[in-house]
Amino acid sequence: MDNIILIGMPGVGKSTLGVLLAKTLGMTFLDTDLVIQEQEGALLRDLIADRGIEGFLDLEGEVCAHLQSHRTVVATGGSVVYRSQAMAHLRELGTVVYLKLGYRALAKRLGSLKRRGVVLRPGQTLRMLYEERVPLYEQYAHLTIDCSGQDVEHTLDRVMRALEKRGQG
């Protein structure tokens, strides 16, 4: 287990933190959303529109279930937790770190969910999505890092300390 897998809601800072974490640890950085976009030649929001929610979730799950990496910080899409096969593989691949942020802080950070390519079912609000996903993030995480009231540098410090305790930092 020489990889670090970041999970959490859209807008929590997985990609931003992931780049800093990779630089700090001398690792490679990989964003699975970008892998999907490059592989499919389309933006996430267009893939969701074209394939439908389940089709997109299957695609994301397939990409993550077959990911191979070594000494890599992986930022995942927020919806990867809907595919248990993908999450089982990611948990074998490395330490899964859930970046947790309270609902109010998250709602402040997020702009247009549709523009971001967020998987949102018809009639589903951000609050409903948050309440649906949080138990899944908690279920799959090896470590949970509360990002509330923290800038990215403080969050990075918290992640580094937690990884050191696990013997990975």
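In what follows, residues are counted from 1 in the order of the sequence shown.
- The backbone N or O of Asp2 lies less than 3.5 Å from no partner atom in the side chain of Arg71, so there is not a single donor-acceptor pair.
- Between Leu126 and Ala107 the shortest heavy-atom distance is CD2-CA, 3.8 Å.
- Considering all non-hydrogen atoms of both residues, Gly11 and Leu110 come closest at CA-CD2, 3.8 Å.
- Under the 4.5 Å side-chain contact rule for hydrophobic residues, Leu17 and Leu34 do not share a cluster.
- Among residue pairs with one or both ends in residues 118-136, those qualifying as salt bridge (charged side-chain N to carboxylate O under 4.0 Å, His left out) are Glu54-Arg121, Arg121-Glu132, Arg127-Glu131; sequence neighbours excluded.
- Under the salt bridge (charged side-chain N to carboxylate O under 4.0 Å, His left out) criterion, Asp58 pairs with Arg83, not counting sequence neighbours.
- Tyr82 meets the ring-ring contact (aromatic ring centres under 6.0 Å, His included) test with no other residue; sequence neighbours excluded.
- For the ring-ring contact (aromatic ring centres under 6.0 Å, His included) condition, the pairs that include at least one residue of residues 83-102, sequence neighbours left out, are Tyr98-Tyr137.
- The ring-ring contact (aromatic ring centres under 6.0 Å, His included) check on Phe29 picks up nothing, with sequence neighbours excluded.
- Nearest heavy atoms, Thr76 versus Thr32: CA-OG1, 3.2 Å.
- Between Glu62 and Leu59 there is no side-chain heavy-atom pair separated by less than 4.5 Å.
- Nearest heavy atom pair, residue Asp33 against residue Leu44, reads CG-CD1, 3.4 Å.
- The two residues Cys147 and Thr155 come nearest to each other via the heavy atoms SG-CG2, 3.6 Å.
- Clustering ILVMFWY residues whenever any of their side-chain heavy atoms sit less than 4.5 angstrom apart, transitively, puts Tyr103 in the very cluster that holds Leu129.
- Hydrophobic clustering, with ILVMFWY side chains joined whenever heavy atoms are under 4.5 angstrom apart, groups Val159 together with Val152.
- In terms of modelled atom types and a separation under 3.5 Å, the side chain of Arg109 and the main chain of Val12 share a donor-acceptor contact.
- No single ILVMFWY cluster, assembled from side-chain heavy atoms under 4.5 Å apart, contains both Met128 and Leu57.
- The side chain to side chain contact (heavy atoms under 4.5 Å, CB included) search around Ala65 returns Gln85, Ala86, not counting sequence neighbours.
- Closest of all the heavy-atom pairs between Val119 and Ile53 is CG1-CG2, 3.3 Å.
- Atoms CG and CZ, from Leu143 and Arg166 in turn, are 5.0 Å apart once rounded to the nearest 0.5 Å.
- One finds the CD1 atom of Ile145 at 10.0 Å from the CD atom of Gln150 (value rounded to the nearest 0.5 Å).
- Among residues two or more places apart in sequence or in another chain, the salt bridge (charged side-chain N to carboxylate O under 4.0 Å, His left out) test is passed with Arg51 by Glu40.
- Residue pairs that meet the salt bridge (charged side-chain N to carboxylate O under 4.0 Å, His left out) test with at least one member in residues 141-154, sequence neighbours left out, do not exist here.
- Here the SG atom belonging to Cys64 is positioned 5.5 Å from the CD1 atom belonging to Ile36, to the nearest 0.5 angstrom.
- Residues satisfying the side chain to side chain donor-acceptor pair (under 3.5 Å) criterion with Ser79, sequence neighbours excluded, are Glu60.
- Pairs passing the side chain to side chain donor-acceptor pair (under 3.5 Å) check and including a residue from residues 6-30, sequence neighbours excluded, read Ser15-Asp31.
- Applying the salt bridge (charged side-chain N to carboxylate O under 4.0 Å, His left out) rule to Arg158 yields no partners; only residues at least two apart in sequence or on another chain are considered.
- The CG atom of Leu25 sits 7.0 Å away from the CG atom of Leu163 when rounded to the nearest 0.5 Å.
- The side chain to side chain contact (heavy atoms under 4.5 Å, CB included) check on Val35 picks up Leu30, Val63, with sequence neighbours excluded.
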